[in-house]
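Positions are given from 1, in the same order as the sequence printed here.
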Amino acid sequence: MQKSSGLKSVIVVTFVLVIVAVFLSSFVPGVAFNGNTGSSGSGYSGDLRVLTTPDIHSHLFPMSDNDTGTRIGRIAALAGTLGEENDDTLYLFAGDLGEGGFYNMYSGVPEAKSYSMAGIDAAVLGNHAFDFPVSVLKQWVTNASYPVLCANMDFTDAELNESIKDYLILDTAGTKVGVFGIITPQLGKVTEIPEGVILYENTSAIAESVIDDLEEQGVDVIIALTHQYGDEDIELAESVAGIDLIIGGHDHLVWNETVIAPDGGKTLIVHAGKYGEETDSVDLTFSDGKVTGTSIGRYEITEDLPDDSGITSFVMPYYVNYTAGLSGPIGETLVPLDATENIKTGETNLGDLVTGIMREDVPGVDIAFINSGSFRGDCIIPAGNISYLTLETLLPFEDIIIKIRMTGQEIKDTLERSASALVAAGDESDSESRVPSGGFLQVSGVRFDLNTSGEPFSADFDTGTVLYAGNRIENLTFVTESGLVPVDPDAVYVVAVNDYIAGGGDGYSNLKDIPNDRKTNTEINLINLLATDIEENSPISPGTDGRIRVF
């Protein structure tokens with residue numbers, strides 16, 4: 001593996017990504033980019049189709065209680081159909097195949113084997129490959145029939161170092177396609193890099209070296225298969241010539257962008273979301289070594305799609321066994337937990353428990369918010385044992401925790417939005433211009449009065465125009481070790497939120513609009529965080545403390 005430990009870190013230029021909004025149906029018409037020029041060296045003329053479904057995070061299972069198929073079965077069947085439409089097809093996986101207890105229990109074997117059966121041609125390492133000891137990673141790599149790539153990483157384990165390649169060359173219907181892997185140079189910020197794993201942060205220099213090797217071997221098409229933030233993919237495309245296509249993952253977003261390379265050529269970047277919610281197809285047309293046209297198809301994975309029964313039969317025994325295992329107790333609560341609709345109108349002990357764990361267990365956090373719509377079940381969890389399945393029932397949306405650096409004024413503005421979710425007598429008529437009921441925030445690290453007689457926040461959400469900032473939040477204070485202090489409008493606080501509201505969900509467009517350089521994706525799964533805390537601190541007896549006083 002050709003790497004140099006003396007390479008210096010790249011200074012990543014961060015800017016706001018323009019996310020292409022896609023309204024999914026069974027197919028979204030392709031987006032065309034004509035006139036792209038790649039650096040394919042041998043004058044290839046023809047077509048190439050690339051499929052991608054990144055960031056599965058072990059979402060292999062049935063999609064509902066009544067579903068007789070599996071998500072992976074449907075993904076595989078769709079991939080087979082899309083591949084049959086075009087013989088020149090590659091299926092590339094952009095990292096994070098497995099995550100959490102299921103991945104750890106079976107060492108990634110169900111994920112690796114089911115995606116081998118689905119026809120994956122290559123995968124890149126993702127950050128969740130390092131959530132557990134390197135021995136688990138070796139099990140996954142050993143059980144995968146496809147190559148696993150990562151050019152900017154080495155391993156002191158000789159077998160693993162040999163197994164995980166910098167790149168591979170695929171012969172696809174008369175053309176030689178070079179594919180190389182890149183993982184985010186910020187890996188150490190989102191996970192602890194295990195001993196024996198060596199990360200090279202200068203991804204541009206690594207890519208240039210790999211591309212030189214590929215071009216010397218006469219490849220026609222070069223694809224970077226990446227697991228890194230969107231701005232890092234853009235930086236790579238802007239700084240390195242010779243990449244025809246970047247298939248990326250890690251940010252859990254659906255977007256594409258065409259970037260001008262240093263030699264004046266164009267590199268198309270495609271990200272296809274998360275959890276197997278959709279599969280994207282990218283069609284490239286080449287003429288004399290140049291990309292003359294591209295189009296993108298986006299396909300939502302639904303229960304209406306055909307299922308690959310062979311893959312489903314393979315996966316289901318693992319699923320049944322795992323589900324039975326999740327039913328066992330991980331801890332105990334001495335008091336009932338209120339998951340009723342009360343959580344959308346005021347403080348509850350469950351809201352205090354969850355936000356308290358977010359604030360206390362995620363390093364560097366001052367304040368925590370979560371929208372009450374994240375909670376499901378509408379029930380009282382009785383005192384007694386708590387299982388992992390209980391937590392999955394209460395919080396079914398696989399929330400990831402995002403840290404945002406916010407000023408005190410931005411925090412106040414966010415809480416005014418939350419306060420507008422409460423409909424008081426006489427102000428029902430403008431509900432469309434306010435945050436929905438599920439947007440009411442449970443909080444930790446702040447205390448305040450919510451005066452429902454005040455004028456609520458309102459906005460035109462179609463245009464993003466704030467009509468009225470709101471004046472319902474009073475006596476807003478910040479919780480410190482020495483007591484309560486007023487929130488300083490100009491001071492900066494680190495606020496932990498779930499990825500849903502960080503992306504503008506439930507009317508929090510103000511959070512979405514905060515620049516990306518003030519946001520950190522912790523990659524921490526909220527349910528896993530709760531499960532660990534409850535297991536370590538049982539029995540628990542959460543109460544309320546008057547942090548939200550509604551009158």
Side-chain angles (χ1 to χ4, degrees), residues 100-102 104-105 322-363 365-401 418 422 437-438 440-450 477-484 495-498 522 524-551:
F102 182 81
N104 187 38
M105 179 179 290
Y322 178 67
T323 302
L326 292 182
S327 300
I330 60 171
E332 179 187 5
T333 177
L334 300 179
V335 298
L337 303 177
D338 187 356
T340 67
E341 290 295 293
N342 291 335
I343 208 162
K344 296 183 178 180
T345 60
E347 180 189 1
T348 74
N349 67 340
L350 179 60
D352 285 9
L353 172 69
V354 171
T355 54
I357 290 173
M358 290 170 64
R359 182 169 69 93
E360 294 166 10
D361 291 4
V362 178
V365 169
D366 301 312
I367 296 166
F369 296 151
I370 187 170
N371 60 309
S372 57
S374 291
F375 296 88
R376 290 293 189 260
D378 189 17
C379 62
I380 296 290
I381 303 298
N385 289 334
I386 299 174
S387 71
Y388 196 93
L389 280 182
T390 303
L391 299 182
E392 285 197 333
T393 301
L394 290 175
L395 292 159
F397 298 117
E398 297 286 346
D399 285 325
I400 301 297
I401 297 173
S418 171
L422 299 187
S437 61
F440 183 83
L441 297 178
Q442 295 293 316
V443 306
S444 179
V446 289
R447 299 173 68 94
F448 54 87
D449 296 330
L450 196 164
T477 56
F478 172 52
V479 180
T480 73
E481 291 183 358
S482 57
L484 301 178
V495 183
V497 301
N498 57 331
T522 70
I524 295 173
N525 180 291
L526 178 57
I527 292 179
N528 291 344
L529 185 75
L530 296 178
T532 299
D533 189 282
I534 290 171
E535 185 174 18
E536 292 177 351
N537 294 292
S538 280
I540 61 172
S541 55
T544 58
D545 58 14
R547 64 187 64 176
I548 304 174
R549 298 173 294 274
V550 180
F551 62 94

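Looking only at distances, no side-chain donor or acceptor of R447 sits under 3.5 Å from a matching main-chain atom of S444. Side chain of N349 to backbone of P336: a donor-acceptor contact under 3.5 angstrom is found. Using a distance-only test at 3.5 Å, with no hydrogens or angles considered, no donor-acceptor pair links the side chain of T333 to the main chain of S541. Checking side-chain atoms of S418 against main-chain N and O of F440 turns up no donor-acceptor pair under 3.5 Å. R549 contributes a side-chain N or O that, together with a main-chain N or O of G546, makes up a donor-acceptor pair within less than 3.5 Å. Side chain of D533 to backbone of L529: no donor-acceptor contact under 3.5 angstrom is found. Q442 contributes a side-chain N or O that, together with a main-chain N or O of I343, makes up a donor-acceptor pair within less than 3.5 Å. The backbone N or O of E347 sits nowhere less than 3.5 Å from a side-chain atom of T544 that would complete a donor-acceptor pair.
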Query raised in the report: Given D366 and R359, is the side chain to side chain contact (heavy atoms under 4.5 Å, CB included) satisfied, shown in steps?
Result: CA-CA 6 Å; D366 301 312; R359 182 169 69 93; 6.0 Å; no
Query - CA sep, side-chain torsions, deciding dist, call: I401, N498, side chain to side chain contact (heavy atoms under 4.5 Å, CB included) - result: CA-CA 5 Å; I401 297 173; N498 57 331; over 6 Å; no
Query - L450/F551 under side chain to side chain contact (heavy atoms under 4.5 Å, CB included): CA gap, chis, key distance, verdict - result: CA-CA 6 Å; L450 196 164; F551 62 94; over 6 Å; no
Query raised in the report: Going through the checks in order, is the side chain to side chain contact (heavy atoms under 4.5 Å, CB included) test met by L350 and I381?
Result: CA-CA 9 Å; L350 179 60; I381 303 298; 5.9 Å; no
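I524 has its side chain out of reach of I400: every pair of non-hydrogen atoms, C-beta onward, lies at least 4.5 Å apart. Side-chain contact between V443 and F448 is present, with heavy atoms from C-beta onward closer than 4.5 Å. Side-chain contact between L526 and I370 is present, with at least one heavy-atom pair separated by less than 4.5 Å. Inter-residue side-chain proximity for I330 and T532 is flagged as unmet; no heavy-atom pair is nearer than 4.5 Å. Inter-residue side-chain proximity for Y388 and N528 is flagged as met; some heavy-atom pair is nearer than 4.5 Å. Taking the side chain as every heavy atom from C-beta outward, D545 and D352 approach each other to under 4.5 Å. The shortest side-chain heavy-atom distance between F478 and L484 does not fall under the 4.5 Å cut-off. Using a 4.5 Å heavy-atom cutoff, the side chains of R547 and T355 are in contact.
Interatomic distance, N385 CG to T390 OG1, rounded to the nearest 0.5 Å: 9.0 Å. Atoms CD1 and CG, on I540 and L353 in that order, are 5.0 Å from each other to the nearest 0.5 Å. Atoms OG and CG, on S437 and L422 in that order, are 9.5 Å from each other to the nearest 0.5 Å. Remark: L394 CG to C379 SG distance equals 6.0 Å, nearest 0.5 Å. Atom OG1 of T348 sits about 11.5 Å away from atom CD of E341, to the nearest 0.5 Å.
Here the shortest heavy-atom pairing between I527 and L395 reads CD1-O, 2.8 Å. Of all non-hydrogen atoms in S387 and S327, the two that sit nearest each other are CB-O, 3.5 Å. Scanning both residues, I367 and G445, for their nearest heavy atoms gives CG1-O, 4.1 Å.
Side-chain atoms of N342 and T345 include no donor-acceptor pair closer than 3.5 Å. A donor-acceptor contact closer than 3.5 angstrom is absent between the side chains of N525 and D399.
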